[in-house]
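Here is the structure we will look at.
Keep in mind the model is a prediction, meaning the values are calculated, not measured. Per chain, numbering begins at 1; letters A, B, ... match sequence-line order.
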Amino acid sequence: MAKIQTPHAVRGTQDIVDEAQNSFAHVVETFERVSKVYGFAPVQVPIIEQTSVFARSLGESTDVVSKEMYTFEDRGGDSITLRPEFTAGISRAFLTNGWQQYAPMKLSAHGPLFRYERPQKGRYRQFHQIDAEIIGAAEPLADIELLIMADQLLKELGIDDGVILNLNTLGDADSRDAWREALITYFQDHKDHLSKDSLDRLERNPLRILDSKDEGDKKLCQSAPIIDDYLTNEAQEFFGQVTQGLDAAHVRWTRNTRLVRGLDYYRHTAFEFITDRLGAQGTVLGGGRYDGLIENLGGNPTPAVGWAAGIERLAMLIDAPENSGPDAVLIPLGDRATETAIAILSDLRRHNIVTDMAYKGNMKKRMQKANAKNAKLVIIMGDDELDRGEVAIKNLISGEQQSCKIDAIVDFVKKS
RNA sequence: GCGAUCGUAGCUCAGUUGGUUAGAGCGCCGGUUUGUGGUACCGGAGGUCGGGGGUUCGAGACCCCUCGAUCGCCCCA
């Protein structure tokens with residue numbers, strides 16, 4: 001009989017347990033706590049959306065839409081896409097639920113996202129992000145608030161060391177267009193010195209030449225036109241207020257005139273918190289103002305700003321607090337003891353005391369299990385103890401053992 | 001999508017110019033101690049060497065394909 005071939009995990013997916021799960025959960029918990037402090041409302045949006053949600057927001061023909069989305073036809077013949085990002089889905093929800101009435105809305109979300117990419121360390125096909133958005137606020141205060149929150153989050157996760165906020169402005173639509181034209185002209189004039197990749201970018205996405213990794217390109221970019229020369233007064237004023245706000249809150253930042261966003265709906269503030277510790281995947285948290293997006297989805301012009309961060313990457317950078325073992329582990333010996341143990345176990349758990357039971361193997365095995373689980377106490381019960389209406393409680397840290405009346409166990413454990 | 005490195009037990013790895021039954025440490029299971037952990041000692045299980053094909057008298061080692069991981073590029077919503 002042929003042995004059944006065990007199916008393998010899908011490429012770019014991961015099974016997260018133990019320390020990795022610990023770090024993962026710590027990132028999420030910290031995010032939930034901090035975003036609540038800043039007044040963000042948690043929101044759940046679907047993992048699947050109509051493909052048009054992402055196709056319209058990103059532009060039908062971009063690489064990301066044509067090559068990197070998980071898109072399929074469902075049984076009803078609709079084109080469905082596994083969400084590759086949060087922003088478009090949240091924007092769709094904003095429109096279809098009439099959330100305009102609550103604007104400005106501060107929303108936070110986290111969960112799995114899917115992109116068909118070549119996996120690398122910290123880069124998966126199913127990956128997870130935390131996400132924060134403020135929709136319906138045109139004021140720089142929204143940008144500032146979001147950035148200060150991001151800064152606090154990273155500090156609370158203990159990864160601000162080696163991480164620096166890179167900040168840029170793309171200006172308003174007019175500034176951005178003028179700058180873009182100037183860049184195209186500049187690079188056209190220096191075409192001979194551009195790398196092959198960047199010649200391609202010149203056609204498709206000229207702003208992206210600015211963050212090319214090619215040495216020749218980098219040199220060329222140093223004297224390329226910068227946005228500052230094309231900013232309208234309003235745009236300049238806006239950026240000034242953002243930086244002033246950051247300074248007022250003592251958030252460290254650095255100006256990076258080559259930080260860009262590829263899509264046209266991005267305006268004004270663009271930012272990335274970048275670390276020097278993750279190789280090519282240096283960006284730990286990134287975002288910007290996307291005033292043009294909601295219109296792309298058929299809504300009225302609505303200003304919005306947001307950021308997202310990969311949970312896996314953050315988790316790799318933090319020292320997660322070790323998860324503590326159970327307060328107590330029960331070791332019943334014999335059938336009668338097991339029955340009593342079930343009663344005690346449920347009683348302790350109903351008092352929200354973290355408790356487990358070791359019911360397999362001999363005494364030694366069970367002690368080992370309790371020890372391996374990092375338990376503080378073991379509660380040993382055999383016929384001898386039960387005859388006296390007692391159990392033996394051993395403290396695994398101090399090693400001392402004493403007896404305890406059965407009806408006093410909860411108090412005993414609570415006090416330990 | 002492109003280039004490179006790698007893939008031997010659950011984990012980390014060793015395996016000599018291709019040569020008999022593929023090894024270690026940790027972990028796991030059992031025992032020394034049939035009611036007492038963290039230490040020690042003893043024993044055991046676990047591998048069609050990622051998968052498929054080829055070269056060879058002989059392949060874990062060499063060649064091709066494939067899958068996967070890692071690093072860089074591309075992309076980065």
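- Contacts of A:Q14 with the nucleic acid, taken as non-hydrogen atoms under 4.0 Å apart, are absent.
- Using a 4.0 Å heavy-atom criterion, one finds that A:K369 contacts the sugar-phosphate atoms exclusively.
- Checking B:U36, B:C75, B:G37 against every side-chain atom of A:R123, the shortest atom distance belongs to B:C75.
- One donor-acceptor pair, N or O on each side, does fall under 3.5 Å between the base of B:A77 and the side chain of A:E68.
- Heavy atoms of A:R204 sit under 4.0 angstrom from primed sugar atoms or phosphate atoms, though from no base atom.
- Among the protein residues, A:D383 comes within range of the nucleic acid bases, having at least one heavy atom under 4.0 Å from a base atom.
- Picking from B:C75, B:C73, B:G37 the nucleotide with the shortest atom distance to the side chain of A:E117 gives B:C75.
- Here A:K121 lies in heavy-atom contact (under 4.0 Å) with sugar-phosphate atoms only.
- Heavy atoms of A:R201 sit under 4.0 angstrom from primed sugar atoms or phosphate atoms, though from no base atom.
- Rounded to whole Å, the C1' atom of B:C62 lies 28 Å from the corresponding atom of B:G72.
- For A:R11, the listed nucleotide lying nearest its side chain is B:A69; candidates were B:A69, B:C76, B:G37.
- A salt bridge between A:K376 and A:D327 is present, with a side-chain N of the basic residue lying under 4.0 Å from a carboxylate O of the acidic one.
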Might you list the N or O atoms of the protein lying below 3.5 Å from N or O atoms in nucleotides 2-5 of chain B, with each pair's distance?
residue: B:C2; atom: N4; partner: A:R118; partner atom: NH1; Å: 2.7

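- Using a 4.0 Å heavy-atom criterion, one finds that A:G286 contacts no nucleic acid atom at all.
- Comparing B:C71, B:A77, B:C75 by their nearest atom to the side chain of A:P84 picks out B:A77.
- Within 4.0 Å of A:L263, counting heavy atoms only, lie sugar-phosphate atoms of the nucleic acid but no base atom.
- Among the atoms of the strands shown, only primed sugar atoms or phosphate atoms (P, OP1, OP2) are found under 4.0 Å from some heavy atom of A:Y266.
- You'll find that the side chain of A:N371 is closest to B:G38, out of B:G38, B:C73, B:C75.
- Among the protein residues, A:D214 comes within range of no part of the nucleic acid, since none of its heavy atoms lies under 4.0 Å from any strand.
- Within the 4.0 angstrom heavy-atom criterion, no nucleotide atom of any strand lies near A:R366.
- Of the nucleotides present, B:U70 is the one that pairs with B:A4 by Watson-Crick or G-U wobble criteria, both distances under 3.5 Å.
- In this structure B:U34 sits in no base pair that meets the Watson-Crick or G-U test at under 3.5 Å.
- Backbone-only engagement by A:G12 is indicated by non-hydrogen atom pairs under 4.0 Å involving sugar-phosphate atoms exclusively.
- The pairing partner recorded for B:G47 is none, the criterion being a Watson-Crick or G-U wobble arrangement whose two distances lie under 3.5 angstrom.
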